[in-house]
Amino acid sequence: MTMAGGDFEAVLPPDDVDAWVQDFVYYFDGLCDQNLMEEILKRSADRLQDYERFGCEFFRKEDGGRKFVPQRGLEHVKLYPARLKGHGGELMVKNIVRQLKDRSVERLGRILLTELLQRDGCVCGALGFDALNGDLYRFDARVVIAASGTGGWKASYGKNTPTGETMRMAYDAGAVLQHLEFARIWNMPRLFGWEGQTVLMPLGARFVNARGEAFMERYSPVLGSNTDPHYTTIAMAMEIRAGRGPITFDLSRIRQEDLILLRPQNGWQKLNHDKLAALGLDLFRDATEWVPQMTVSYGGLRADAWGNTNLKGLLAAGTARATEPGVYAGGFALMTTSVLGHMAGENAARLLGTLPEVKSDLSEAELAARQQALFAPLGRSGPSPKEVLTAIQRTVFPYGVSILKNETDLRAALRELERIRTEDLPRMAAADPHCLLKLHETRGVAFVSEMYVRASLERRETRAGHYREDCPQRDAAWLAWLCLRKDRAGLPEFFRIPVPLEQYKHPVERYYQDNFAFPVSTGAR
């Protein structure tokens with residue numbers, strides 16, 4: 001969150017929650033939990049006002065109203081930009097931390113949790129270790145909230161921390177996961193990270209190929225460049241594969257009076273802006289090269305609106321839970337993490353009054369054995385976490401696995417990921433506790449990667465943020481959430497949960513996917 005731009009989505013008067021829900025049903029190609037979305041949107045204005053009350057600022061118009069930017073060609077969804085571009089997320093974190101201190105909440109940092117503790121089918125704590133001194137920690141709790149973010153591939157800047165260890169722990173404990181076939185593929189500058197295309201595109205920014213063509217108009221005459229990065233990266237990959245790269249970012253159509261929304265005033269974006277300037281480049285004046293980049297997984301724990309998972313005592317909040325199917329409207333993540341975290345906290349307070357106090361029956365001998373296994377990689381010889389992580393990235397990042405998915409490339413990737421799981425992960429070595437943290441992060445990345453590829457093979461269609469070049473059409477039988485659990489033999493088991501349209505207010509009548517016409521490559525398999 002510190003690395004976020006600080007922009008926020010919210011349903012503010014005179015907007016209507018139902019209208020926003022219908023936008024998301026359309027945007028998600030039907031894979032929208034309408035009841036969950038309604039609860040999120042109903043509470044979004046209160047959470048935005050919380051941040052303002054805490055000291056975060058959003059842009060205002062001359063008449064005092066909040067300035068907004070429409071999103072992804074949707075009729076109602078709006079982003080409210082943070083006043084301090086590139087510093088808004090950091091301000092949010094600082095203000096939340098201050099609120100915690102005012103309420104005497106104890107915070108323990110630098111501790112990596114590695115295992116959930118259970119008794120009689122109820123989650124009742126966790127084990128972990130201090131990444132500086134290696135001390136073992138055991139936490140006993142009547143309610144555990146998973147709120148540690150998504151899985152990912154440690155690609156760049158703000159996406160260099162999500163690794164998926166929470167998903168792996170929850171799966172091992174018996175939790176149901178969802179949305180593992182979806183990953184965020186983002187447009188990124190080749191030189192230095194940048195946040196802000198969510199604001200740039202609706203104001204006139206566009207990607208152009210080596211011929212100077214604004215190519216998105218060819219793939220989507222309706223939306224052009226003002227669409228989700230999932231679709232623009234598909235087009236970028238196709239342009240590059242056809243020999244029309246490199247891709248550059250054109251900001252020439254943005255009005256001068258709108259540039260105040262984009263120029264970073266502080267934080268990491270200001271640092272990157274200055275690095276570009278030192279090279280004689282200006283993002284707002286010069287053509288800068290951009291590339292597709294795989295960043296994080298959209299997979300997470302399956303939970304209801306209040307964060308309840310299938311495991312008693314385990315709640316899921318924010319991006320640790322599955323919410324959106326691989327397409328993203330600007331400010332959506334900050335809105336959902338804020339709202340769902342608030343709701344999970346309220347739910348946890350209620351559960352503390354009803355759940356019995358259960359403590360793990362882990363014996364001292366069992367605890368000692370787990371501690372020995374946890375610290376076994378320290379001091380031994382073997383591949384480093386960095387070496388294994390690089391091998392995973394090389395397996396998952398190619399276009400045929402990440403963007404233009406096809407059966408042949410996905411199956412080859414799965415074979416390599418299985419080899420990494422059986423040969424490389426058990427041999428990884430760590431020189432110190434900090435390196436041991438990296439080792440466990442790499443195990444999380446390996447888990448997310450394998451399940452991402454397996455799930456991508458399962459969903460044999462194209463829908464929302466999942467594009468199968470060899471299955472380019474939508475399949476009505478797949479209007480369902482693809483879920484994952486561990487079977488009795490300890491193996492991954494995928495199953496579908498149909499979208500319960502009969503229980504929802506809004507029918508699925510439009511599909512965002514239909515705005516695009518991507519040609520099927522003769523090499524698609």
Side-chain angles (χ1 to χ4, degrees), residues 1-13 15-28 31-59 66-72 74-85 88-93 95-96 99 147 149-150 158 162 179 184 195-199 202 228-229 261 296 298 300 303-307 316-346 465:
M1 183 175 178
T2 302
M3 302 291 283
D7 304 331
F8 203 93
E9 279 184 16
V11 183
L12 304 179
D15 282 6
D16 176 65
V17 166
D18 261 2
W20 276 57
V21 171
Q22 290 179 73
D23 268 3
F24 280 110
V25 172
Y26 160 60
Y27 189 43
F28 290 174
L31 286 181
C32 179
D33 184 334
Q34 296 185 30
N35 296 336
L36 170 64
M37 188 63 68
E38 183 175 345
E39 292 294 335
I40 292 171
L41 296 174
K42 279 164 47 177
R43 291 167 169 77
S44 59
D46 289 342
R47 303 290 75 81
L48 175 62
Q49 290 163 9
D50 280 345
Y51 278 125
E52 289 186 319
R53 182 164 48 84
F54 295 164
C56 297
E57 295 183 43
F58 297 87
F59 269 103
R66 296 180 182 87
K67 191 172 182 66
F68 65 82
V69 180
Q71 285 300 292
R72 312 308 194 218
L74 300 172
E75 187 175 354
H76 303 96
V77 177
K78 302 178 179 69
L79 169 146
Y80 293 91
R83 189 167 185 82
L84 291 177
K85 195 65 186 172
E90 185 178 347
L91 279 179
M92 287 178 169
V93 171
N95 282 299
I96 291 173
Q99 295 296 318
T150 64
H179 283 172
R184 181 182 294 183
E195 180 84 27
Q197 62 172 291
T198 289
V199 178
D228 186 89
L261 297 175
V296 296
Y298 279 101
D304 66 14
W306 293 95
T319 53
R321 53 165 297 152
T323 306
E324 68 257 49
V327 289
Y328 175 80
F332 186 81
L334 289 181
M335 173 185 70
T336 54
T337 52
S338 174
V339 172
L340 295 172
H342 196 278
M343 294 176 71
E346 288 184 6

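- In terms of modelled atom types and a separation under 3.5 Å, the side chain of Asp23 and the main chain of His76 share a donor-acceptor contact.
- Between Tyr80 and Phe68, the ring planes are perpendicular. Angles over 60° get that label, and only those under 30° would be called parallel.
- Side chain of Thr337 to main chain of Leu334: a donor-acceptor pair is present (N/O by atom type, distance under 3.5 Å, no hydrogens or angles).
- One finds the NZ atom of Lys42 at 10.0 Å from the CG atom of Asp18 (value rounded to the nearest 0.5 Å).
- Cation-pi geometry between Lys67 and Phe59 is not satisfied (NZ or CZ under 6.0 Å from the ring centre, within 45° of the ring normal).
- Contact check for Gln34 versus Val25: side-chain heavy atoms found under the 4.5 Å cut-off.
- Residues Val11 and Lys78 form no side-chain contact, since every pair of their non-hydrogen atoms from C-beta on lies 4.5 Å or further apart.
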Side-chain donor-acceptor distances from residues 317-325 under 3.5 Å, at least two apart:
| from | atom 1 | to | atom 2 | distance (Å) |
| --- | --- | --- | --- | --- |
| Arg321 | NH1 | Asp304 | O | 2.5 |
| Arg321 | NH2 | Ala303 | O | 2.9 |

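- The CZ atom of Arg66 lies 8.0 Å from the CZ atom of Phe58; values are rounded to the nearest 0.5 Å.
- One distance of note links OG of Ser338 with CG of Leu48; it measures 8.5 Å at 0.5 Å rounding.
- For the pair Pro202 and Pro70, the tightest heavy-atom approach, listed with the atom from each and the gap, is CG-O, 3.2 Å.
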Discussion item. For Leu41 and Glu9: C-alpha separation, side-chain torsions, deciding distance, then whether side-chain contact (heavy atoms from CB on, under 4.5 Å) applies.
Written reply: CA-CA 9 Å; Leu41 296 174; Glu9 279 184 16; 5.6 Å; no
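- Between the side chain of Tyr27 and the backbone N or O of Gln22 there is no donor-acceptor pair closer than 3.5 Å.
- Relative to the ring axis of Tyr328, Arg184 places its NZ or CZ within 45° and under 6.0 Å from the centre.
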Worksheet item: Does the pair Arg47 and Glu52 meet the rule for a salt bridge (charged side-chain N to carboxylate O under 4.0 Å, His left out), with working shown?
Response: CA-CA 9 Å; Arg47 303 290 75 81; Glu52 289 186 319; over 6 Å; no
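- Separation of atoms CD (Glu38) and SG (Cys32) is listed at 10.5 Å; rounding is to 0.5 Å.
- Taking the six-membered ring where the residue is Trp, Trp20 and Phe24 present tilted rings, their angle falling between 30° and 60°.
- In this structure, the side chain to side chain contact (heavy atoms under 4.5 Å, CB included) partners of Tyr26, at least two apart in sequence or on a different chain, are Leu74, Arg510, Tyr512, Asn515.
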Discussion item. For a side-chain contact (heavy atoms from CB on, under 4.5 Å) check, start with the C-alpha distance between Cys56 and Asn95, then their side-chain angles and the critical distance, and finish with the verdict.
Written reply: CA-CA 8 Å; Cys56 297; Asn95 282 299; 3.5 Å; yes
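- Inter-residue side-chain proximity for Phe28 and Val327 is flagged as met; some heavy-atom pair is nearer than 4.5 Å.
- Here the CD1 atom belonging to Ile40 is positioned 6.0 Å from the OG1 atom belonging to Thr336, to the nearest 0.5 angstrom.
- Expressed to the nearest 0.5 Å, how far CG of Leu340 lies from CZ of Arg43 amounts to 10.0 Å.
- Take Asp46 and apply the side chain to side chain contact (heavy atoms under 4.5 Å, CB included) test, not counting sequence neighbours, and it matches Gln49.
- Distance alone, capped at 3.5 Å, is enough to place a donor-acceptor pair between the Gln71 side chain and the Gly330 backbone.
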